[in-house]
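The structure under discussion appears below in the form of C-alpha cells.
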Amino acid sequence: MKPIVYITRKLPAEAVTPLQDQFEVRMWESESEAVPRTVLLEEAAKADALWTVITDTVDDELLAAAPQLKIVANMAVGYNNIDTTAAQERGVIVTNTPGVLTETTADLTFALLLATARRLGEAEQELRAGKWTSWTPMGYTGMDVSGATLGIIGMGRIGEAVARRSKGFDMRVLYHNRSRKPKAEAEFGFEYAELDKLLQEADFVVTLTPFTPETAGLIGTRELALMKKTAILINSSRGGVVDETALYEALKNGTIWAAGLDVFETEPVPVDHPLLSLPNVTALPHIGSASVKTRLAMMNLNAQAILDFFEGQEPKNRVV
Ligand code: DGY
C-alpha cells in the first residue's frame with residue numbers, strides 16, 4: 001500500500017507527476033475554490049501527507065482527526081494557517097516554500113508601491129469607463145517615488161529584496177526588524193530605525209512581517225497617526241498585520257494619503273468592504289508570488305519535501 005498524499009487544490013499535472021510513483025495522490029478537483037472543511041477533515045483522516053495552501057486551516061481539530069498524518073507541506077512562505085505548536089505536539093512535520101518566491105514577491109510589492117503612488121488603478125478604471133475627458137494640469141497627480149524615503153517593516157528576505165529595488169529609484173531606506181542587518185546596512189546603506197521613527201519619516205511604509213500574535217494589528221490608529229499626511233502604506237504580507245478599520249478611517253480622513261493592499265483580513269475581500277469604496281486604495285487579490293515560474297518552483301519544493309521525508313531524509317524548509 002502506497003502512502004496517501006492529499007493535495008488541497010487542483011494543480012497542474014507536472015507538479016504532481018514526481019509524486020505519482022511512490023504515493024497514492026488524491027487532490028481536490030477545483031482550482032478556484034478552496035476545499036470545504038468537511039472534505040478536508042475526511043481526507044486528512046486517511047492521509048499520510050497533506051499538501052496545503054494558505055486558505056487551508058490546519059489546526060488541532062484537523063490534526064486530531066488525522067492519525068496517520070506525518071507531514072504538512074504548505075505551499076507558501078507564510079504558515080500562519082497552520083497551528084505549528086499543535087503539529088509539533090502531535091509529531092507532525094511542517095514545511096514551507098521560502099526563497100523561490102522572494103524576487104517575484106518583491107517585484108509585486110514594488111509594482112504595487114508604484115501603482116499606488118501614481119494612481120494607476122484609479123486612472124485605468126476611469127479611462128475604461130470613458131471618463132478621460134482631456135489632459136488636465138493636476139489630473140491624476142500622485143506622489144513621487146524617486147528620491148523618497150522607503151520604510152520597511154520586516155526586513156526578511158522579501159524586505160531586503162524590496163529595499164534593493166528601491167536603490168534604482170534613489171530612495172533612502174529605513175527598516176525595522178527584530179534583528180539588525182549589518183551586511184545590508186554596510187552594502188546598501190539601509191538604516192535601522194525604531195518603529196515610530198520609521199513611521200514618522202517614511203514616505204512609503206511597507207509591511208512585510210510574518211503574521212503572528214505579535215504582529216497582529218501592528219499598524220493601527222496610533223501608528224497611522226504617526227505617518228505623514230502624504231504617506232502611502234503598502235501591505236503585501238498578511239491582512240491581519242494592519243487594522244483595516246483604522247486604515248479606512250485614516251484614508252478617509254486624510255491622516256495618510258493612500259494604501260496599496262495585496263492582502264486582506266478576510267480573503268477574498270468582500271466587494272462591499274469599506275476599503276474598496278475608497279479611490280485612494282489600490283487593491284489586488286493576494287498575487288505576490290503569482291508568476292508561472294515561481295508558482296511551479298513552489299510546487300516543486302513542496303513535492304520534494306514530501307519525497308524527502310518519505311525517503312527518510314530531513315526535508316528542506318522544515319518549520320517544526
Ligand atoms: C506566501 O507564500 O506566503 C504567499 O502569501 C502566498 O503566495
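Reckoned from all heavy atoms, side chains included, excluding hydrogens, waters and symmetry mates. Just follow the structure's listing: the first ligand is 1, and inside any ligand the first atom is 1.
Of the protein's non-hydrogen atoms, the one nearest atom 2 (O) of ligand 1 is Val77 N, 2.7 Å.
Under a 4.0 Å criterion applied to the non-hydrogen atoms of Arg238, ligand 1 contributes the atoms 1 (C), 3 (O), 4 (C), 5 (O). Taking a cut-off of under 4.0 Å to the non-hydrogen atoms of Ala76, the atoms of ligand 1 that pass are 1 (C), 2 (O), 3 (O).
Residues passing the side chain to side chain contact (heavy atoms under 4.5 Å, CB included) test with Pro18, sequence neighbours excluded: Leu307. Remark: Phe110 engages Phe169 in a ring pair (Phe, Tyr, Trp, His ring centres under 6.0 Å) (not counting sequence neighbours).
In this comparison of Met75, Arg295, His286, Met298, the heavy atom closest to atom 4 (C) of ligand 1 sits on His286.
The neighbour count for Lys316 NZ, taken as heavy atoms of other residues, nucleotides or ligands under 6.0 Å away, does not exceed 12.
Considering backbone and side-chain atoms alike, Leu101 places every N or O at 3.5 Å or more from each N or O of ligand 1. When only interatomic distances are considered, the shortest N/O to N/O separation between Ser289 and ligand 1 falls below 3.5 Å.
Rounding to the nearest 0.5 Å places CD of Glu43 at 9.5 Å from CG of Leu50.
Minimum heavy-atom separation, Gln20 to Lys2: O-NZ, 3.4 Å.
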